[in-house]
Protein chains: 2
Amino acid sequence: MRYHRTDIVERAVGILDAYGLADLSMRRIASELGLQPSALYHHFGSKQELLAAVADELLDRGARPDVPEASWDERVLALSHELRDAMLAYRDGAELVATAHAYGLGVRSPVERLATALEGAGFDEAFARTAAMTVLHFVFGHVTGEQAHRQANSAGAIDADPLGRADTGSFDLGLSLILEGIRHRRPATAKREP
Amino acid sequence: MRYHRTDIVERAVGILDAYGLADLSMRRIASELGLQPSALYHHFGSKQELLAAVADELLDRGARPDVPEASWDERVLALSHELRDAMLAYRDGAELVATAHAYGLGVRSPVERLATALEGAGFDEAFARTAAMTVLHFVFGHVTGEQAHRQANSAGAIDADPLGRADTGSFDLGLSLILEGIRHRRPATAKREP
DNA sequence: ACCTGAACACCGTTCAAGT
DNA sequence: ACCTGAACACCGTTCAAGT
């Protein structure tokens, strides 16, 4: 059988969700496709490159349309939740996406969409990028912890997060702190009409 | 020769700084100590446990005294910079510490110290923890990116971060956004005297 | 208490060769 | 263009046995 990149990515997503990131090996993907491991290197230069494609696929699957008519803070909130939901939808999704992003491969669109929303509100480009990265670091860090915690619980622990360390409430609260900080610097053009 | 945990951690720190996290294997540590890999399992239950001890060691080495007489925001700022400097002081330090923290092993003190500083300002415990985690997610995410970028540059790339994506300036700027958001919710007891 | 020796069950990646 | 077969140079972890 002959495969394309998309077939391989699809199979990888299946393994990820069923067995987790630790079991997502080149050899495993190859064997599930009935290929030799070396065959994958015809489609991807390295495992990192393949994982980046998988990360992008997860984000694409969870993508929701932009709402350009909404206010900048509503858009940033919506983008953050879209990202969170997309990562939570697959086992180890947050860790995979965060790692791919840290290695500078794939996952370009979230930063750009966040920065665009902020620039649309009149923030200058440099500030918009820093603010977008600040939001993104929070989202990745929070959701990674949240997912680790969920999986630890569903794997038989008693603890149901009694401290509320990493649920939706603390996600929205942490995010609101950053949004408030950004709001505090909003330029004249972004102020609501009086 | 007979070794203790501290000897093993010390050797691991040396390998980390000289060869990076990817080469910090149990077999490498053992061979540099003249031991069989299995000997390490007498001192640590798993590689994760050993890495957590290494992460704690890096943070201990970069520790600076608390300044209880300073204002809460000065203390949070100082703790964030202490953490950043401690991680930047060793190759792949940020990735190691962030990973250990994500796996819930070791690295307990930064969260607690941040939360304590906020509670001292009159914030309630739940808010203090969420705010501390928000700061921590930012610090881990930013410094991980910063260090990846630095190492990519020192490894022969031309790019000297022309976009200022992850330097001290954007660290302070991102952090100030979060601090402003926290400030916005400060309780009565934390307000400056009029 | 601390370590050896040997094994188990894996990895990512390269490369000549095949169709 | 896409893949096989075989190899290279590794992994983390377990466990009986030694001192």
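First the proteins, then the strands, lettered A, B, ... as listed; each starts at 1.
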Report task. Rounded to the nearest 0.5 Å, what's the gap from CG on A:D92 to OG1 on A:T144? Could you check? Result -> 9.5 Å

**Report entry** Protein-nucleotide distance (B:I15, atom CD1; D:dC11, atom P), rounded to Å
**Finding:** 10 Å

Query raised in the report: Looking only at side-chain N and O atoms, does A:H43 come under 4.0 Å of OP1 or OP2 in D:dC3?
Result: yes

Query raised in the report: Base, sugar-phosphate, or nothing for B:G34, non-hydrogen atoms under 4.0 angstrom?
Result: sugar-phosphate

Report summary line: Contacts of A:I8 and B:R28 projected onto DNA chain D by closest heavy atom; the upstream (5') one is A:I8

**Report entry** Protein-nucleotide distance (B:Y41, atom OH; D:dC15, atom P), rounded to Å
**Finding:** 12 Å

Report task. Would you check, one step at a time, whether the test side chain to side chain contact (heavy atoms under 4.5 Å, CB included) holds for A:L173 with B:T134? Result -> CA-CA 9 Å; A:L173 179 51; B:T134 302; over 6 Å; no

Query raised in the report: If you check every side-chain atom of B:H42, which of C:dA1, C:dT4, D:dC3 has the closest atom?
Result: C:dA1

Report task. Let me see the working for B:H43 and B:Y3 under ring-ring contact (aromatic ring centres under 6.0 Å, His included), right down to the final yes or no. Result -> CA-CA 9 Å; B:H43 303 275; B:Y3 294 106; 8.0 Å; no

Query raised in the report: When the distance from CD of B:E49 to P of D:dG12 is rounded to whole Å, what number comes out?
Result: 15 Å

Query raised in the report: Taking the six-membered ring of A:F127, is NZ or CZ of A:R185 closer than 6.0 Å to its centre and within 45° of its axis?
Result: no

Query raised in the report: Do B:H81 and B:D172 get their side chains close enough for a donor-acceptor pair, meaning under 3.5 Å?
Result: yes

Query raised in the report: D:dC11, C:dC3, C:dG12: which one has an atom nearest the side-chain heavy atoms of B:S25?
Result: D:dC11

Query raised in the report: What integer distance in Å separates A:L35:CG from D:dA1:P?
Result: 18 Å

Requested in this report: Starting from C1' on C:dA1, measure out to NE2 on B:H4 and report it in whole angstrom.
Outcome: 9 Å

**Report entry** Length of the CG-P vector between B:L40 and C:dC3, whole Å
**Finding:** 9 Å

Report task. Please check if atom OH in B:Y103 has more than 12 non-hydrogen atoms from other residues, nucleotides or ligands closer than 6.0 Å. Result -> no

Query - Between C1' of D:dG12 and CG of B:L51, the distance in whole Å - result: 12 Å

**Report entry** Same-atom distance (P) from C:dC10 to D:dA9, integer angstrom
**Finding:** 23 Å

Query - Separation of the C1' atoms in C:dC8 and D:dC11, to the nearest angstrom - result: 12 Å

Query - Parallel, tilted or perpendicular: rings of A:F138 and A:H142 (30°, 60°) - result: tilted

Requested in this report: Mind running side chain to side chain contact (heavy atoms under 4.5 Å, CB included) on A:L24 and A:L51 for me, showing each step along the way?
Outcome: CA-CA 9 Å; A:L24 187 56; A:L51 290 185; 3.7 Å; yes

Report task. Tell me, with the steps shown, if A:Y90 and A:L21 meet side chain to side chain contact (heavy atoms under 4.5 Å, CB included). Result -> CA-CA 10 Å; A:Y90 293 88; A:L21 188 56; over 6 Å; no

Query raised in the report: In terms of side-chain heavy atoms, does A:R84 have a donor or acceptor partner in A:T168 at a distance below 3.5 Å?
Result: yes

Query raised in the report: Between D:dC2, D:dG12, C:dT13, which nucleotide has the shortest distance from any of its atoms to the side chain of A:S46?
Result: C:dT13

Report task. For DNA chain C, just give me the dot-bracket, please: Watson-Crick or G-U, both distances below 3.5 Å, ( ) intra-strand, [ ] crossing earlier pairs, | paired with another strand, . unpaired. Result -> ||.|||||...|||||.||

Report task. Can you tell me the distance, in whole Å, between the OH atom of B:Y103 and the C1' atom of D:dG12? Result -> 14 Å

Pairs under 3.5 angstrom, nitrogen or oxygen only, protein versus nucleotides 5-7 of chain C, please.
from, atom 1, to, atom 2, distance (Å)
C:dG5, O6, B:S38, OG, 2.6

